[in-house]
Amino acid sequence: MSALFTPFSLRSLTLPNRIGIPPMCQYSATDGRAGDWHLQHYASRAVGGAGLVIVEASAVLPEGRISPGDLGLWDEAQVAPLARIAAAIADQGAVPAIQLAHAGRKASVGRGWEAQRTLTAAEGGWTAVAPSALAFTGYDTPQELDAAAIAGVVAAFVAAAERARRAGFQAVEIHAAHGYLLHQFLSPLSNRRDDDYGGSFANRVRLTREVVAAVRAVWPSELPLLIRLSATDWLDGGWDAEQTVALCRLLRDDGVDLVDVSTGGLDPAAKIPAAPGFQVPFAARIRRETGLPVAAVGLITEAAQAEALVAGGEADLVLVGREILRNPYWPLQAAQALGVAAAWPAQYLRALPPGT
Ligand code: FNR
């Protein structure tokens, strides 16, 4: 009996197993629209057997893209190409989810494999916005958002969630991690505001809570709402595990169904002790202290490792990122390794050794 291959329910949904694919930017969109790359990439990973596929960071506003190649959900023309992807994922029995994002001061840089510096207007760049006019190391200084623009960000998350639903996604994940806009508001290192959105803990978490509440109000009550948090900045005086737990208690009441627990991203000066499963203790603590379901992520690459952390009650879901970029069939192979009947597609059965 495998814990990793036990179904998991969130609101009305049942995931067939506890393996998810975390959002991973492909930097291959045109004007925020998905193309053939995205369709084959997500469809082939869904064929690999994950129970949940979270489509990459999709910007709620054009200036909220990390790079000119990011997906978007700020425009109706972006819905139809994403609908093909949501359908292809669901067709394989996985739950199609999508991450809604705003990059804030980390916007307007090259695609993931290009130079990570602010693009000029001639290169297709734009002026980034942020809680405060404080630059991410090596990038240009962003423009501080005023109250009206903050309200516009909340409205943009709502409109993007409505488009995600029309595209057929069954879950949305709010991106409040990795040093992007919502995380910039959370961390005292990037938020120096003296209005209702800065200073105290209650003020720094205000925008994230407003986004969650506003999205929850339009997202169908039978479908789950996820959030990704960086549980620590790994920096003195920054956002940390204590504050993350306190925020999660509030988010539980605001209607969040699962916390996807990552870390870091606010400042490249952070010393991150990356090692197998290094972020799992943060997920386990949030689960233990708030009762909220959690997903663990980060250097989880072995079937036995994933099985142990679900069986041990450290996480409800395991997200496997780069390993599934390398090997889309990781979930099916993990099932075989754990002695569970793997649901290989009928089209591939003749490729398997006898007795598989
Ligand atoms: C990422 N990651 C990421 N995170 C996120 O919240 N939204 C995103 O769109 C992306 N994009 C992205 C692209 C690529 C190419 C990589 C490799 C990573 C982070 C990712 O979701 C995950 O948290 C990390 O990769 C750690 O998990 P693994 O890869 O160690 O399993």
Not counting sequence neighbours, which residues clear salt bridge (charged side-chain N to carboxylate O under 4.0 Å, His left out) with [X]? List them please.
{"X": "D260", "value": "R228"}
{"X": "E123", "value": "R117"}
{"X": "R165", "value": "none"}

Listed partners of [X] passing ring pair (Phe, Tyr, Trp, His ring centres under 6.0 Å), at least two apart:
{"X": "Y139", "answer": "F136"}
{"X": "W234", "answer": "F282"}
{"X": "F8", "answer": "none"}
{"X": "H178", "answer": "H175"}

Ignoring hydrogens, what is the shortest heavy-atom contact between [X] and [Y]? Give both atom names and the distance.
{"X": "A57", "Y": "A101", "value": "CB-CB, 3.7 Å"}
{"X": "A231", "Y": "T244", "value": "O-OG1, 2.9 Å"}
{"X": "L309", "Y": "V318", "value": "CD1-CG2, 3.5 Å"}
{"X": "P7", "Y": "T14", "value": "CB-CG2, 3.7 Å"}
{"X": "P16", "Y": "G93", "value": "CG-O, 3.5 Å"}
{"X": "R18", "Y": "D316", "value": "NH1-O, 2.9 Å"}

Which residue pairs pass the salt bridge (charged side-chain N to carboxylate O under 4.0 Å, His left out) test when at least one of the two sits in [range], sequence neighbours left out?
{"range": "residues 174-186", "answer": "none"}
{"range": "residues 263-281", "answer": "none"}
{"range": "residues 294-315", "answer": "none"}
{"range": "residues 230-252", "answer": "E242-R285"}

Side-chain donor or acceptor of [X] paired with backbone N/O of [Y] under 3.5 Å:
{"X": "Q78", "Y": "D75", "result": "yes"}
{"X": "D253", "Y": "L250", "result": "no"}
{"X": "Q243", "Y": "G238", "result": "yes"}
{"X": "S187", "Y": "H183", "result": "no"}
{"X": "E56", "Y": "Q26", "result": "yes"}
{"X": "R204", "Y": "G199", "result": "yes"}
{"X": "Q143", "Y": "A133", "result": "no"}
{"X": "Q116", "Y": "E114", "result": "yes"}
{"X": "Q184", "Y": "G179", "result": "yes"}
{"X": "S200", "Y": "N203", "result": "yes"}

Between Q336 and W344, do the side chains contain an N or O donor and an N or O acceptor separated by less than 3.5 Å?
->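 Result is yes, a qualifying pair exists.
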In the structure I gave you, are the side-chain heavy atoms of [X] and [Y] within less than 4.5 Å of one another anywhere?
{"X": "D140", "Y": "S108", "result": "no"}
{"X": "V153", "Y": "F185", "result": "no"}
{"X": "Y42", "Y": "I21", "result": "no"}
{"X": "L251", "Y": "R209", "result": "yes"}
{"X": "F278", "Y": "I272", "result": "yes"}
{"X": "V245", "Y": "C248", "result": "no"}
{"X": "R322", "Y": "L299", "result": "yes"}
{"X": "V172", "Y": "L223", "result": "no"}

hydrophobic_cluster_shared for [Y] and [X], side chain cutoff 4.5 Å:
{"X": "Y180", "Y": "L73", "value": "no"}
{"X": "V280", "Y": "L292", "value": "yes"}
{"X": "L226", "Y": "I89", "value": "yes"}
{"X": "V320", "Y": "V294", "value": "yes"}
{"X": "L338", "Y": "L317", "value": "yes"}

Would you please test I150 and Y197 for side-chain contact (heavy atoms from CB on, under 4.5 Å) and show each step?
-> CA-CA 9 Å; I150 291 175; Y197 291 93; 3.7 Å; yes
Show your reasoning for whether side-chain contact (heavy atoms from CB on, under 4.5 Å) applies to L229 and S262.
-> CA-CA 6 Å; L229 295 173; S262 191; over 6 Å; no
Should R45 and Q92 be marked as a side chain to side chain donor-acceptor pair (under 3.5 Å) after you check the CA-CA gap, both sets of side-chain angles, and the distance that decides it?
-> CA-CA 10 Å; R45 269 142 199 88; Q92 296 304 318; over 6 Å; no
Can you list the steps and then say if I174 with L182 is a side-chain contact (heavy atoms from CB on, under 4.5 Å)?
-> CA-CA 9 Å; I174 307 291; L182 297 181; 3.5 Å; yes
Could you go through the side-chain contact (heavy atoms from CB on, under 4.5 Å) check for C25 and I66 one step at a time?
-> CA-CA 9 Å; C25 286; I66 303 165; 4.0 Å; yes
Going through the distances and angles, do N327 and Q333 end up as a side chain to side chain donor-acceptor pair (under 3.5 Å)?
-> CA-CA 10 Å; N327 174 14; Q333 292 170 348; 2.7 Å; yes
R65 NZ/CZ over W126 ring centroid, <6.0 Å and within 45° of normal |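 That pair qualifies as a cation-pi contact.
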Test: D257 and R11 ion pair at under 4.0 Å =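 Looking at D257 and R11, the cut-off is met.
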Using the salt bridge (charged side-chain N to carboxylate O under 4.0 Å, His left out) rule, take R206 and D195 through it: C-alpha gap first, then chi angles, then the decisive distance, then the call.
-> CA-CA 11 Å; R206 189 179 307 281; D195 63 1; over 6 Å; no
Verdict with supporting geometry, S132 and E144, side chain to side chain donor-acceptor pair (under 3.5 Å) | CA-CA 5 Å; S132 302; E144 180 175 314; 4.8 Å; no
Output the rest of the hydrophobic cluster of W113: all Ile, Leu, Val, Met, Phe, Trp and Tyr residues reachable through side-chain heavy-atom contacts under 4.5 Å, sorted by chain and number.
->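 Reading the cluster by chain and number, W113 sits alongside Y27.
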Show your working on side chain to side chain donor-acceptor pair (under 3.5 Å) between T263 and T232 and close with a plain yes or no.
-> CA-CA 5 Å; T263 69; T232 177; over 6 Å; no
